[in-house]
Amino acid sequence: MKSFNRNKALLIVAVLLTVFLAWRMLRPINIFVVDDKFALPMEMTVPAGLETLLASECGECHPDHFQEWLGSMHAQAWTDPYYQVDAVFDGSQQICLNCHIPLQDQQENLVLGFKDKARFKPILKPNPNFNRELQQEGVTCVVCHVRDGVIVGPYGDTDAPHPTKQDKTLAKGIGVCRKCHVVSGDLWDTFFRIPPCGTVAEIREGEQPEINCANCHMPVTQRPAATGALPRRGRMHLWRGGHTQEMVSKALKIDLDIDRQSNGTGKATLTVTNTGAAHYLPTGTPDRHLTAKFTIRAKDGEILKTKTHKLQRTIMWRPFIVDLWDNRLPKNEPRIYTFGWGKSLSERDAALEVTVSYHLLDEARRKRIGYKNTEPIAYQLFQEKYDLGQ
């Protein structure tokens with residue numbers, strides 16, 4: 001009887017565990033904690049002296065800043081086709097809007113409250129002040145430059161047609177960035193080492209006090225802050241990052257050494273080092289990764305030998321979220337890859353090609369969400385060829 005009861009108890013536990021794990025495989029995933037700082041969109045009134053919150057109005061007096069912003073990913077935070085497809089695939093969660101279109105009047109609905117403690121299930125009603133033109137601007141000028149109805153900047157002493165005030169966090173170059181580029185992942189079922197979108201969180205503790213996002217992503221320039229003003233020190237509003245090949249190339253040091261022996265054998269040693277970014281490379285969404293690829297091809301294009309190394313973050317999403325491994329590039333820690341060949345390949349009319357590429361999106365993910373990109377989702381950072389017959 002005791003054996004029967006024990007087996008029955010084990011069966012019940014097994015069934016309950018199976019049901020629990022099945023639910024974990026199917027349930028919506030909450031990948032971060034919704035902090036107070038981005039639980040709700042930003043309520044904002046039009047500052048005195050302005051007619052709207054539109055960047056196009058700011059551009060009337062600040063044309064250089066406007067044109068730079070217009071080409072940035074901030075301006076495309078809402079309209080970016082990949083984001084639009086990915087957001088729908090992930091269930092069009094309202095919480096994502098608070099970084100991609102952070103102003104209340106950019107959102108079609110008002111958030112009255114939440115049905116859940118985690119704040120992923122909002123109570124919504126139509127927003128009577130919804131502005132579709134403003135929505136298209138994504139992370140627009142006033143998101144960073146308006147506080148309590150006043151235009152803020154690194155100086156605050158301009159003779160402008162609107163009230164201005166100095167904001168020292170802008171001068172330090174990180175205060176505003178933290179709102180969306182730092183997230184928390186301290187959940188009972190989540191084992192992130194670094195939460196997605198947590199770019200600043202990737203920077204090692206000893207370097208945190210020295211962080212200045214603007215130093216890299218907003219280069220210093222000397223120009224008038226507004227039309228008709230005198231030139232002075234300011235920053236370009238570019239925010240270039242992973243989408244810009246030149247920006248990523250500046251952050252990487254790539255060295256290739258070819259060692260060819262007299263007996264015809266050889267070895268290529270590739271060293272890749274993040275020398276320019278305080279955060280990991282790549283950063284941002286975990287789909288981004290680097291590849292280091294060695295390929296030996298015959299003259300007719302036939303691949304005789306090849307090897308690809310991926311520098312990526314690998315996460316298990318279900319039934320629990322677990323960071324499995326991460327071999328991306330922290331600052332100043334080189335990755336060294338070797339690739340050898342034998343005499344038989346040296347005797348053929350073949351060449352070694354070594355490439356390093358940056359991938360904005362994993363191909364498997366692209367297919368899974370149905371994203372039909374019109375622009376490349378990868379670009380080359382390095383390429384060298386070496387004739388094995390030499």
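Computed from heavy atoms alone, side chains included, the values below leave out hydrogens, waters and symmetry copies. All residue numbers refer to positions in the sequence shown, counting from 1.
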Original post:
Is the shortest distance from a Lys or Arg side-chain nitrogen in Lys367 or Asp362 to a carboxylate oxygen in the other one below 4.0 Å?
Top reply: no

Original post:
Shortest non-hydrogen contact from Asp387 to Ala350?
Top reply: OD1-O, 3.3 Å

**OP:** Take Thr291 and His309 through the test side chain to side chain donor-acceptor pair (under 3.5 Å) and record every step on the way to the result.
**Re:** CA-CA 6 Å; Thr291 55; His309 300 272; over 6 Å; no

Original post:
Does a side-chain heavy-atom distance below 4.5 Å link Lys305 with Leu345?
Top reply: yes

Original post:
Does a donor on one side chain sit under 3.5 Å from an acceptor on the other, for Glu57 and Thr52?
Top reply: yes

Original post:
Is a side-chain donor or acceptor of Arg260 paired with a backbone partner of Leu388 at a separation under 3.5 angstrom?
Top reply: yes

Original post:
Parallel under 30°, tilted from 30 to 60°, perpendicular over 60°: which one fits the rings of Trp317 and Phe192?
Top reply: perpendicular

Original post:
Is any side-chain heavy atom of Leu360 less than 4.5 Å from a side-chain heavy atom of His243?
Top reply: yes

Subject >> Nearest-0.5 Å distance that lies between atom OG1 in Thr271 and atom CD1 in Ile254 >> reply: 10.5 Å

Original post:
Pick from Tyr337, Phe339, Tyr386: which one makes a ring pair (Phe, Tyr, Trp, His ring centres under 6.0 Å) with Phe294?
Top reply: Phe339

Subject >> Check: Glu137 and Ser56 side chains under 4.5 Å, non-hydrogen atoms >> reply: yes

Original post:
Can any side-chain N or O of Arg335 pair as donor or acceptor with the backbone N or O of Asn327 at less than 3.5 Å?
Top reply: yes

Original post:
In a check of side chain to side chain contact (heavy atoms under 4.5 Å, CB included) between Thr140 and each of Ile101, Leu103, Leu53, which one passes?
Top reply: Leu103

Original post:
Salt bridge check: are Asp255 and Lys253 linked by an N-O gap of less than 4.0 Å?
Top reply: yes

Original post:
Are Leu40 and Leu97 joined in one hydrophobic group, where the rule is that I, L, V, M, F, W and Y side chains link up if heavy atoms are under 4.5 Å apart?
Top reply: no

Original post:
Does Pro282 reach the side chain of Leu290, with side-chain heavy atoms less than 4.5 Å apart?
Top reply: yes

Original post:
Taking the inter-plane angle between the rings of Tyr83 and His100 on a 0 to 90° scale, is it parallel (under 30°), tilted (30 to 60°) or perpendicular (over 60°)?
Top reply: parallel

Original post:
For the side-chain hydrogen bond (donor to acceptor under 3.5 Å, both in side chains) test, which of Lys37, Gln107, Gln104 pairs with Asn98?
Top reply: Gln107

Original post:
What distance separates Trp78 CH2 from Cys96 SG, expressed to the nearest 0.5 Å?
Top reply: 10.0 Å

**OP:** State whether Tyr155 and Arg232 meet the cation-pi test: NZ (Lys) or CZ (Arg) under 6.0 Å from the six-membered ring centroid, and within 45° of the perpendicular axis.
**Re:** yes

Original post:
Do Thr273 and Leu252 come close enough that some side-chain heavy atom pair is under 4.5 Å?
Top reply: no

Subject >> Partner of Trp341 by side chain to side chain contact (heavy atoms under 4.5 Å, CB included), out of Leu304, Leu352, Thr265 >> reply: Leu352

**OP:** Answer yes or no: is there a side-chain heavy-atom contact under 4.5 Å between Ile296 and Ile303?
**Re:** no

Original post:
Is there side-chain contact between Tyr280 and Lys331, with at least one heavy-atom pair below 4.5 Å?
Top reply: no

Original post:
Nearest 0.5 Å, what's the CG-CD distance between Asn129 and Gln106?
Top reply: 13.0 Å

Subject >> Pairing of Arg365 and Asp86 as salt bridge, 4.0 angstrom limit >> reply: yes

Original post:
If you group Ile, Leu, Val, Met, Phe, Trp and Tyr by side-chain heavy-atom gaps below 4.5 Å, do Leu54 and Val143 land in one group?
Top reply: yes

**OP:** Determine the interplanar angle of the Tyr358 and Tyr379 rings, folded into 0 to 90°, and report it as parallel if under 30°, tilted if 30 to 60°, perpendicular if over 60°.
**Re:** parallel

Original post:
Under a 4.0 Å N-O cut-off, is there an ion pair linking Arg366 with Asp287?
Top reply: no

Original post:
Taking all non-hydrogen atoms of both residues, which atom of Pro163 and which atom of Gly149 are closest, and how far apart?
Top reply: CG-O, 4.1 Å

Subject >> Residue among Arg223, Arg240, Arg235 satisfying salt bridge (charged side-chain N to carboxylate O under 4.0 Å, His left out) with Glu68 >> reply: Arg223

**OP:** Evaluate the ring-ring contact (aromatic ring centres under 6.0 Å, His included) criterion for residues Trp239 and His74: first the C-alpha distance (whole Å), next the side-chain angles of each, then the deciding distance (0.1 Å), finally the verdict.
**Re:** CA-CA 8 Å; Trp239 302 291; His74 280 179; 4.4 Å; yes

Subject >> Any donor-acceptor N or O pair under 3.5 Å, side chains Gln261, Asp259 >> reply: yes

Original post:
With side chains defined as the heavy atoms from C-beta onward, is the minimum distance between Ile151 and Lys165 less than 4.5 Å?
Top reply: no

